[in-house]
2 protein chains.
Amino acid sequence: MSDVFRALDDETRRTILDELAARDGQTLFEICSTLTMRHGVSSSRQAISQHLAVLEAAGLVATERRGRSKFHYFKPEPIAEIARRWPPGKRIDQ
Amino acid sequence: MSDVFRALDDETRRTILDELAARDGQTLFEICSTLTMRHGVSSSRQAISQHLAVLEAAGLVATERRGRSKFHYFKPEPIAEIARRWPPGKRIDQ
DNA sequence: TTGATATGCAAGCTCCCACTTGCGTATCAT
DNA sequence: ATGATACGCAAGTGGGAGCTTGCATATCAA
């Protein structure tokens with residue numbers, strides 16, 4: 001559970017989640033490309049790979065290997081758990 | 001916006017939010033006491049004070065001064081924004 | 001098999017974050 | 001005014017996170 005918050009505490013990892021939420025099932029190289037093209041991110045391949053490992057350990061990304069490629073899928077469940085931990089409607093203030 | 005994720009990436013700060021969500025409007029000393037009593041946390045007063053400053057900068061906690069006491073209130077809005085950024089029902093997988 | 005592709009592992013470096021420590025300030029009771 | 005209470009500021013320290021670098025592994029095409 002604490003891995004989720006640590007994983008989300010990084011701008012590059014949040015951008016990766018945005019990108020996977022838009023186009024699911026990308027490989028590492030595809031993610032590296034789209035991060036450089038569409039978003040202004042220009043990190044190395046190893047950096048992105050380590051970011052994906054952190055996201056996977058947190059349960060925010062699931063992976064599937066086919067051949068020499070590894071496809072990545074966004075899993076929104078851990079984020080829904082965050083919203084359930086601090087629901088907005090417990091108090092009546094503001 | 002990135003301050004919210006950084007603020008949530010700390011076990012003590014998350015416990016403070018839990019505590020304020022349960023009993024809103026506590027002072028710094030009250031928070032120090034309840035953290036030690038109910039939860040197993042035993043941080044110094046200065047540490048808790050700095051944690052509250054981080055939470056306030058992120059918009060997760062609002063404060064109100066009366067006399068020499070400062071009362072702290074939990075604001076769930078930034079967390080609702082997180083849930084809105086990655087909604088669960090965008091895809092049909094899982 | 002050879003070479004290219006796609007990814008993984010591990011050590012080292014730098015920098016930021018949480019915590020401590022010491023002092024300072026404002027408010028209240030006596 | 002004096003002391004006690006409740007909190008704030010700022011410098012210093014230790015540990016962890018992200019990034020790089022270099023090498024290793026596995027898959028596919030020729």
Need to verify one output field. Residue with the more 5' nearest nucleotide on DNA chain D, B:E30 or A:V54?
B:E30

From C:dT20, C:dC17, C:dG8, pick the nucleotide closest to the side chain of B:R6?
C:dC17

Does the structure place the NZ or CZ of B:R66 under 6.0 Å from the centre of the six-membered ring of B:F71, at an angle of no more than 45° from the ring's axis?
yes

Would you call A:R84 and A:E81 a salt bridge, taking side-chain N to carboxylate O under 4.0 Å as the test?
no

Taking only Lys NZ, Arg NE, NH1 and NH2, and the carboxylate oxygens of Asp or Glu, determine whether B:E56 and B:K75 approach each other closer than 4.0 Å.
no

Between P on D:dA17 and CD on A:Q50, what's the gap in Å once rounded to a whole number?
12 Å

Closest listed nucleotide, where the reference is the side chain of A:Q46 and the choices are C:dA18, C:dT7, D:dT20
D:dT20

Take atom NE2 of A:H72 and atom P of C:dA6, then tell me their distance rounded to the nearest Å.
13 Å

Would you mind reading off the distance between A:D10 atom CG and D:dA17 atom C1', rounded to a whole angstrom?
9 Å

Specify the separation, in whole Å, of atom CD1 of B:I48 and atom C1' of C:dT20.
13 Å

Side chain of B:H51 only, heavy atoms from C-beta on: which candidate in C:dA18, C:dT7, D:dC19 is closest?
C:dA18

If only side-chain N and O atoms of A:K70 are considered, is one of them under 4.0 Å from the OP1 or OP2 phosphate oxygen of D:dT27?
no

How close do A:F74 and A:A21 get, heavy atom to heavy atom, and via which atoms?
CD2-CB, 3.9 Å

Can you tell me if the side-chain N/O atoms of A:S69 get under 4.0 Å from OP1 or OP2 in C:dA6?
no

Can you check the B:F5 CZ to C:dC16 P distance for me, whole Å?
21 Å

Sugar-phosphate, base or nothing in reach of A:R66, heavy atoms under 4.0 Å
nothing

Looking only at D:dA10, C:dG8, D:dC19, the nucleotide nearest the A:T12 side chain is D:dC19

Hey, does the Lys NZ or Arg CZ of A:R45 hover above the aromatic six-ring of A:F29, less than 6.0 Å from the centre and inside 45° of the axis?
no

Per atom distances to the A:F29 side chain, the nearest of D:dA17, D:dG8, C:dT7 is C:dT7

C:dT7 base / A:R68 side chain donor-acceptor hit below 3.5 Å:
no

What is the separation between atom CG on A:L52 and atom C1' on C:dT7, rounded to the nearest whole Å?
11 Å

Closest to side chain of A:R13, choosing from C:dT7, D:dG18, C:dG8:
D:dG18

Nearest-angstrom distance from the residue atom CG of B:L28 to C1' of D:dC9:
14 Å

OP1 or OP2 of C:dG8 under 4.0 Å from side-chain N/O of A:S49:
yes

Need one value for B:R45: base, sugar-phosphate or nothing, where a base atom within 4.0 Å counts as base even if backbone is also close, heavy atoms only.
base

Basic-acidic side-chain contact under 4.0 Å: B:R38, B:E19
yes

In whole angstroms, how far is the P atom of C:dT5 from the CZ atom of A:R65?
17 Å

